[in-house]
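Taking it in order: structure first as structure tokens, then the write-up.
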Amino acid sequence: MDKQGTTALWRSVESKSLELEKSSSDVDAGKKAPDSTFSEFPKQIREYLNSHLRKDVDRKKFLKVMGASLTMAAASCTPRKIEKIIPYISRPRNTIPGEAVYYASSYHDSLQVSPVLVKTVEGKPRKIEPIDDHPLSKGGLNAHAFATIWDLYDPDRLKSPRGKLDSVFVDISWDSVQKKISSILESSKNIRIISKNSFSPVESDLVNKFVSRHDAKEIIYDSVGNIQEIQDGNQDSYRRSVVPYYRFDKADIVLSVEADFLGTWLDSVMYAKQYATRRKVDSKMQKVISVESNYSLTGANADERFILNPGTHITFILGLAGTLLSRSSYAKNVKIKKLLSPYSSSFVTKETGIASNVLERIANSLWKHRRRSLVVSGGIGTRNAHSGSVQVATNFLNTILENEGFTINYNVPYYGEFQKISSFQEQNDFLEELKERKIDTLIINKNANPFFDLSSSIDWDKVLKSVKNIIYIGSHLNETAEYAHFVLATDHAYESWSDSYTQGVYAVTQPVMEPLYETKSLGNIWMLLTDLVKSSGDTQKWFLSYLKSFKKSYASRIKWENLLKNGFYRSKLPKYLALRFSTSSLVLTSKLGLSNPKGVLLGFYSSTSIMDGSGGNISFRQELPDPITKTTWGNYALISPFDAKAYHLESGDIVEIEHNSHSFEIPAFIQPGLAKGLISVAIGHGHSSSTQVAKDVGVNVACFSEFSKTGINSSAISVKLIKTQKRTDVATTQLHNAIDDTVDHKGTQKRVARLVQNTTLSNYSSWVDIKKRKEEKIAKTHGKGLYPKKEYNSDYKWGMSIDLNACIGCSACVVSCYSENNIPAVGREEVIAGSEMSWIRIDRYYVGSEDEPQTLFQPILCQHCENAPCETVCPVVATTHTEDGLNHMAYNRCIGTRYCANNCPFKVRRFNWFENWEGKVQDPMQYALNSDVIVRSRGVIEKCSFCIQRIAEKRQKAKSEDRIIRDGEVKTACQQGCPTNAIQFGNVKDEVSIVSKHKKDERSYRILDELNVKSSIHYMAKVRNDLWS
Amino acid sequence: MSSSNVIVAFVFVSILVFFGWFFFSPAPMVGNAPVQPIQYSHKFHAGELDLDCRYCHTGVDQGKKAGVPPVETCMNCHSSVGLSKPEIKKIIKSYNDEVPIEWIRIHNLPDHVRFTHAPHIKALWDKKGPIKEACMACHGDVSSMEVVEQKESLNMGFCIDCHRDNVDKGAEITCGTCHY
């Protein structure tokens, strides 16, 4: 931070020198950037357009065709196409045609449970919204949950059960498939079921019934490792193989070792909510320390982030434990003392790369806040050859700090009460059985995809071909399903009954529509397989009555109707039972920490957009930029700037990564802040199955992890990196629509540096003073302006506040906006050309050196300026200012000059270069479109409307009730999407509204205020907690 | 006449015809009265029987759409009235076979326009007379029509005229009121 109260920000390694040079030198600031790095269009736009336009049409031909079309237009003055109105036979009670009906439900997959409110219009789900009074997530959802609506209407979904005839799938009826399968099951001796872990007690119960009836065995695996690492570690340390309920809101200090608890780790939405409650700028502000080798969302938001050498997690944690041992209740334990004696601070520093004074500082703060601190570790980036070993070390540290029962609760676990993930020994036995052809029937449960997710230590192709009968149960035909003999098509969660249970909250998943296709719910299918249902008639009814009685064991005190209405039931918290740490578990872990992997190491991470890859067929998820790398459509080999120099690599160079005779090619991407020696690659990409979107996007690397009977190493795999001569374009959005740093009204201001205002807790009061003085100075420079001052005569003036202290950059708002406003996904090529259509984007800035940068996030959407530069340049007055303060866009007026986009200092206007919807929507994708928002056509500019359709709806409602809209009644889609309540929307004319209060907050500021555009969005500065108290 | 004069005259006449057509021709949809699958008489039901419009168009004062009634609504009376008439037989068949009747839309706004019925009904209806007084402003006197036809152009000028007259009652004339 300099004397002006600003910090130098940069966006990428490639643009860093340019950006920092500019903001540090006042003299050069007036000059234009030398090339089009920051221009509205990327350099290659001309070639790109040429390649997409029809080459056979030259100018003469164009005129001919145009002449003909004019004649035809004149001749076609016939009445409009006949439209039909098809009413119900009998309308459901309490529905008004065209009005939305909301159903509380819960969506669950192997990663987490999302409490959702499904908005349905005329019987079809249209949008996923959060449940605000849910006791755990408290009205938050992640990008993954918002995207489930597109999964429902995915044209690639399985539409009926299938059977294989001469190695080709053919559709068959449920009756015949049931008969065939039951005869197979009767004659099978060795039945195995492979599943991913599940949060549904009823589905798990039905599988167990099948298992006991057919003497089968179920193998449950974890595709990411979030749960299994913790479960196995807790089994060793406490003899309790569950994942606890973490309370980040109760911790004064949080230490995260590689656990991305704000992004992809366990119940990240709830953790984000808890985290946000402790970000208020006061003496009770939480301190978050992140120690990691990959650059995660948690690392980006942490108050301090330290880079750990890859694969040295245990060494670091035990190093901390060793430092604290003498003060703890274990001080006199000779056995432990001996185990930890090699972890001297010099050894730990040498191995982990964390300085000894840092280690000392972290240890002291943790100790000072014992019982109010929390140490977490885990995720795919810590999986090593001994599953749970990192968790054992973490457990020991938490035990020393006496955190159990305070910030960690084992009584209402996140996972593990009704189901356990199979140990690696069991998984290994299963693989051995497969290899030895001992299994005659293999059932693949609920979209499980071992071929894609698990290691290639066995030849899946050969092994799966040798199994006599494979029955696949799922919604999409994935890689493993291609080998099945029978495919049982499942409903989507919004078409079927199910339930979920986590952290003491039981929820029912209820169908909100009739199944689109000939599919059945998972519970139903297992009832059929177990012969619990004799008749093949209305099996749905049978399952529903089973679920109703089953519910009693989890939620006996609530009526079924109320459970459906609320969507959840929280039982009373049981009394806390203390756990005893078993010191013997530390024996193995303390040995592992002594020998750490060296050299070039390959590690995996799961990205916020794709996760484990099971939802990869949704184009919106593929197009969602990763919060840190800002890459879309595929995965990259992330490499530190230090290593990139050593290998002479630039982002986009294709490298070959070699490991034990396997190798794969992947484009490199320079990621500042990554640990030296680490190559980090996202999992979940590189599908080879027949799904349209996900096929051949990126590379599947999960098969490179080293599987053994004790664990799976996916954090530090020794590999060889070879640079090839090939190059490819990187589909990254980090320099697209960048706010221009070169133009200024005086030419001397440092624009970008003031965009994301940030300070530290220790500097906070002096920062506030500087900020006030600057604002006064800027206010003085504002003249009267060319245009008359805008009067707002309406009852409303809409405004927004965005708290950068709460914003974690998770991008849930972006997906929620896509879904609400019918924004198209444009595909990899067009992202490279810079024509992605997102109305809200999260700008990511780095501060500091390339090796250890801090990260700042800033959501940028249309600022709805009072003196909007776009409005004055539109030649056809398509964009105007409304009485209630919106910068409004009339699409049918727009003729596509793009003057507005050019004149917008925030670069939030998007041009439809191509027809993005017309002719591209496959049935039934049209149902995912919001009928309240227009679908824009080619040649039109579009941008954030502040969800004008939602304002209109509430305004009309208020009008019919003779009142004005209440504060909090209108919620924009991005506001609803935000799991940390960083975005608030409301009426600025109302003095007591939340936005009015935020506007007056001392952290509040407007971006590019020196231009006197008077934006309607107030940002609140980010404050990092730098105090070590 | 030289050829240049012919061209000038031709262009002049074309322009005259174009502007005449543009400004003075009736809106294309006025008078549109398609033959519906059921010969339903508004004149009889809404006129002679004086049924409230909302008996069938239930959502009109609550939401966006007026809505066409489900055939169940017809069956409230026609399960016992007029059973022998051919049109009623069609209704009963539709109800029993569960095949909805496909009505032809008459009042159809262009794309890019949003219209919500409820606030308009509220603004136009003083609650003293029957609700049809409010409906008439845009739909004409439907209760006197044997076959429903479009009476007003429903184009932008038609909307704006009324909104301008009612600004004091809260009608708005910014683009964002209807175009979003």
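All values derive from a computational prediction rather than experimental measurement. Letters go in sequence order (proteins before strands), and every chain restarts at 1.
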Do you see a donor-acceptor pair shorter than 3.5 Å between the side chains of [X] and [Y]?
X	Y	value
A/E871	A/T879	no
A/Q956	B/T116	yes
B/E149	B/N32	no
B/E146	B/Q39	no
A/S816	A/K127	yes
B/W125	B/E133	no
A/N887	A/E866	no
B/T174	B/T177	yes

Examine whether an atom of [X] lies under 4.5 Å from a heavy atom of chain B, and if so say whether it belongs to the side chain, the backbone or both; otherwise answer neither.
X	answer
A/S945	neither
A/D884	neither
A/L886	neither
A/I89	both
A/S931	backbone

Consider salt bridge (charged side-chain N to carboxylate O under 4.0 Å, His left out). Of A/R963, A/R955, A/R950, which one does A/E969 pass it with? A/R963
Evaluate the criterion ring pair (Phe, Tyr, Trp, His ring centres under 6.0 Å) for residue pair B/H107 and B/H139; output intermediate values, then yes/no. CA-CA 8 Å; B/H107 302 94; B/H139 294 285; 4.3 Å; yes
Considering only heavy atoms, which portion of B/I104 lies under 4.5 Å from any heavy atom of chain A: side chain, backbone, both, or neither? both
Determine yes or no for a side-chain-to-main-chain donor-acceptor pair under 3.5 angstrom, with B/N166 supplying the side chain and B/C162 the backbone. yes
Exam field: side chain A/Q863 to backbone A/L861, donor-acceptor pair closer than 3.5 Å: yes
So which of B/C178, B/G176, B/P119, B/A118 has the biggest tally of heavy-atom pairs under 4.5 Å with chain A? B/G176
Name the option with the most non-hydrogen atom pairs under 4.5 Å to chain B; the candidates are [options].
options	answer
A/I951, A/T880, A/I948	A/I948
A/T95, A/I934, A/V935, A/I96	A/I934
A/E883, A/E99, A/E953	A/E99

B/Y40 and B/H42 aromatic ring geometry - parallel, tilted or perpendicular at 30°/60° bounds: perpendicular
Quick check on the structure: residues of residues 43-50 of chain B within a heavy-atom distance below 4.5 Å of chain A, by number. none
Heavy atom to heavy atom, less than 4.5 Å: which residues from residues 55-86 of chain B reach chain A? B/T58, B/G59, B/Q62, B/G63, B/K64, B/K65, B/G67, B/V68, B/P69, B/P70, B/V71, B/E72
Electrostatic pair A/R936:A/E942 at N-O distance under 4.0 angstrom: yes
